Amino acid sequence: VYLAQGNVALAERCFTKALALNPASAVAGPHMADLYLQRGQMVLAHGLYDSAINHSATAKWAWRRRGHVQWQAGQLSDAQASMQNAIRSD
């Protein structure tokens, strides 16, 4: 709600709290990752994906987004592996 209203700071705090409770949250995780990527904070986005995957190997959103970022960075074999894991998590 806060993000839609343009209150990015409050939205980020809420996402951080939600991710502290559930690092694999399919709601807070993608939104927080989007904020990181918009700011060019690739390391934080990767850390978020890794945290979600370590918490739940079936965190499809994290595998898929990690694969997309890897593909954009030219890490094609890593991207392929991440996308395969996203498919397997169904």
Side-chain angles (χ1 to χ4, degrees):
V1 173
Y2 296 118
L3 192 59
Q5 294 173 347
N7 193 338
V8 176
L10 188 54
E12 185 174 358
R13 279 187 276 160
C14 291
F15 296 148
T16 300
K17 287 180 183 179
L19 289 167
L21 296 172
N22 177 11
S25 171
V27 176
H31 289 297
M32 190 68 159
D34 286 344
L35 290 176
Y36 288 151
L37 293 174
Q38 288 171 4
R39 296 180 193 150
Q41 298 172 313
M42 301 297 277
V43 173
L44 292 177
H46 276 279
L48 179 61
Y49 302 143
D50 291 342
S51 177
I53 290 165
N54 289 336
H55 184 75
S56 173
T58 60
K60 182 178 181 172
W61 70 268
W63 283 115
R64 189 177 62 243
R65 285 171 168 259
R66 183 165 96 173
H68 183 73
V69 169
Q70 289 167 328
W71 175 74
Q72 287 180 322
Q75 301 167 344
L76 301 182
S77 61
D78 291 337
Q80 180 182 12
S82 293
M83 291 298 190
Q84 287 173 339
N85 282 317
I87 292 168
R88 287 186 196 117
S89 69
D90 278 339

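We use all heavy atoms of the structure for the numbers below, so side chains are in, but hydrogens, waters and symmetry mates are not. Given the structure is predicted, the values throughout are model-derived calculations rather than measurements.
Contacts of Thr16 classified as side-chain hydrogen bond (donor to acceptor under 3.5 Å, both in side chains), with partners at least two apart in sequence or in another chain: none. For Thr58, the side-chain hydrogen bond (donor to acceptor under 3.5 Å, both in side chains) partners at least two apart in sequence or on another chain are Ser56. Legend: residues meeting ring pair (Phe, Tyr, Trp, His ring centres under 6.0 Å) with Phe15, ordered by chain and number and at least two apart, are His31. For Gln80, there are no side-chain hydrogen bond (donor to acceptor under 3.5 Å, both in side chains) partners at least two apart in sequence or on another chain. Applying the side-chain hydrogen bond (donor to acceptor under 3.5 Å, both in side chains) criterion to His55, with sequence neighbours excluded, gives no partner residue.
Membership of the apolar cluster around Tyr2 extends to Leu10, as traced through chained side-chain contacts below 4.5 Å between ILVMFWY residues. Apart from Trp71 itself, the hydrophobic cluster it occupies contains Leu76, where clustering links Ile, Leu, Val, Met, Phe, Trp and Tyr at side-chain heavy-atom distances under 4.5 Å. Listed by chain and number, the hydrophobic cluster partners of Leu21 come to none, as no ILVMFWY side chain reaches under 4.5 Å of it.
Residue pairs meeting the salt bridge (charged side-chain N to carboxylate O under 4.0 Å, His left out) criterion with at least one partner in residues 9-33, sequence neighbours excluded, are Glu12-Arg39. Among pairs with a residue in residues 62-86, those fulfilling salt bridge (charged side-chain N to carboxylate O under 4.0 Å, His left out) read Asp34-Arg65, Asp50-Arg66, at least two apart in sequence or across chains.
Cluster annotation: Tyr49 is not connected to Met83 through the hydrophobic network of ILVMFWY side chains, with a link wherever side-chain heavy atoms come within less than 4.5 Å. Connection of Trp63 to Val27 is not established within any shared hydrophobic cluster, with ILVMFWY side chains joined at heavy-atom distances below 4.5 Å, either directly or through further cluster members. Residues Trp61 and Met42 fall within the same hydrophobic cluster, defined by Ile, Leu, Val, Met, Phe, Trp and Tyr side chains chained together at heavy-atom separations under 4.5 Å.
Two residues are said to be in side-chain contact when any heavy atoms from C-beta on lie closer than 4.5 Å; Leu3 and Leu35 meet this criterion.
To the nearest 0.5 Å, atom CD of residue Gln72 and atom CG of residue Leu37 are 8.0 Å apart.
A pairwise comparison of heavy atoms in Ser82 and Gln70 identifies OG-OE1, 2.7 Å as the closest pair. Heavy-atom minimum distance, Ala62 versus Ile53: CB-CG1, 3.8 Å. Leu19 and Ala28 get closest at one heavy-atom pair: CG-CB, 4.0 Å. When all heavy atoms of Ala24 and Ala59 are compared, the pair lying nearest together is CB-CB, 4.3 Å.
The main-chain N or O of Ala18 is never found under 3.5 Å from a side-chain atom of Asn22 such that the two would form a donor-acceptor pair.
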